[in-house]
Amino acid sequence: MKKVLSRKPMISIDEQIELLKSKGIKFNIMSEVEAKKYLSNNNNYFKVTSYRKNYDKHPGGVQVGQYIHLEFAYLVDLAIIDMRIRYHILHMALDIEHYIRMD
């Protein structure tokens, strides 16, 4: 039996920001306007928000399920660090391959 994948509906950048806010993600360090520009020009919602799973959520109370002290700017920083690490690893792998072939 083949599993049917359900696709999530496309949402606008404004809706993405509202969804993030509903999950407790703050825009104090990077404003909503800056976040919209970042999501439009630099990265996509799913890549940036994948890093949120590294943060704790409120276990109870009125904010149950929302992230604790999570800023959108933190997610952007992690995305940038990840990209730079990937570039360094790629460069190292190419250098290693080059030197292996020289022997």
From [atom1] ([X]) to [atom2] ([Y]), nearest 0.5 Å:
X	Y	atom1	atom2	value
Ile85	Met92	CD1	CE	10.5 Å
Lys37	Ser31	NZ	OG	7.5 Å
Asn44	Gln16	CG	CD	8.5 Å
Asn43	Ile80	CG	CD1	8.5 Å
His98	Ile100	NE2	CD1	11.0 Å

Do [X] and [Y] have side chains that approach each other closer than 4.5 Å (heavy atoms only, starting at C-beta)?
X	Y	answer
Ile17	Leu39	yes
Phe27	Leu20	yes
His58	Gln66	yes
Lys26	Leu70	no
Tyr74	Tyr55	yes
Val64	Pro59	no

task = Identify the heavy atoms of Arg101 and Glu97 that sit nearest to each other, and give their distance.
result =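 Between these two residues, the closest heavy atoms are NH2-OE2, 3.0 Å.
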Taking [Y] as the starting point, is it possible to reach [X] by hopping between hydrophobic residues whose side chains are less than 4.5 Å apart?
X	Y	answer
Met83	Ile89	no
Val33	Met30	no
Val76	Leu19	yes
Ile81	Leu90	no
Ile11	Phe72	yes

Just by distance, do the side chain of [X] and the backbone of [Y] share a donor-acceptor pair under 3.5 Å?
X	Y	answer
Arg52	Thr49	yes
Asn41	Tyr38	no
Glu71	Ile29	yes

task = In plain terms, say whether Lys21 and Glu18 are close enough for a salt bridge, that is, a side-chain N and a carboxylate O under 4.0 Å apart.
result =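 Salt bridge flag = yes for Glu18 with Lys21.
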key: Residues in salt bridge (charged side-chain N to carboxylate O under 4.0 Å, His left out) contact with Lys47, at least two apart in sequence or another chain   =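 In terms of salt bridge (charged side-chain N to carboxylate O under 4.0 Å, His left out), with neighbours along the sequence ignored, Lys47 is linked to Asp82.
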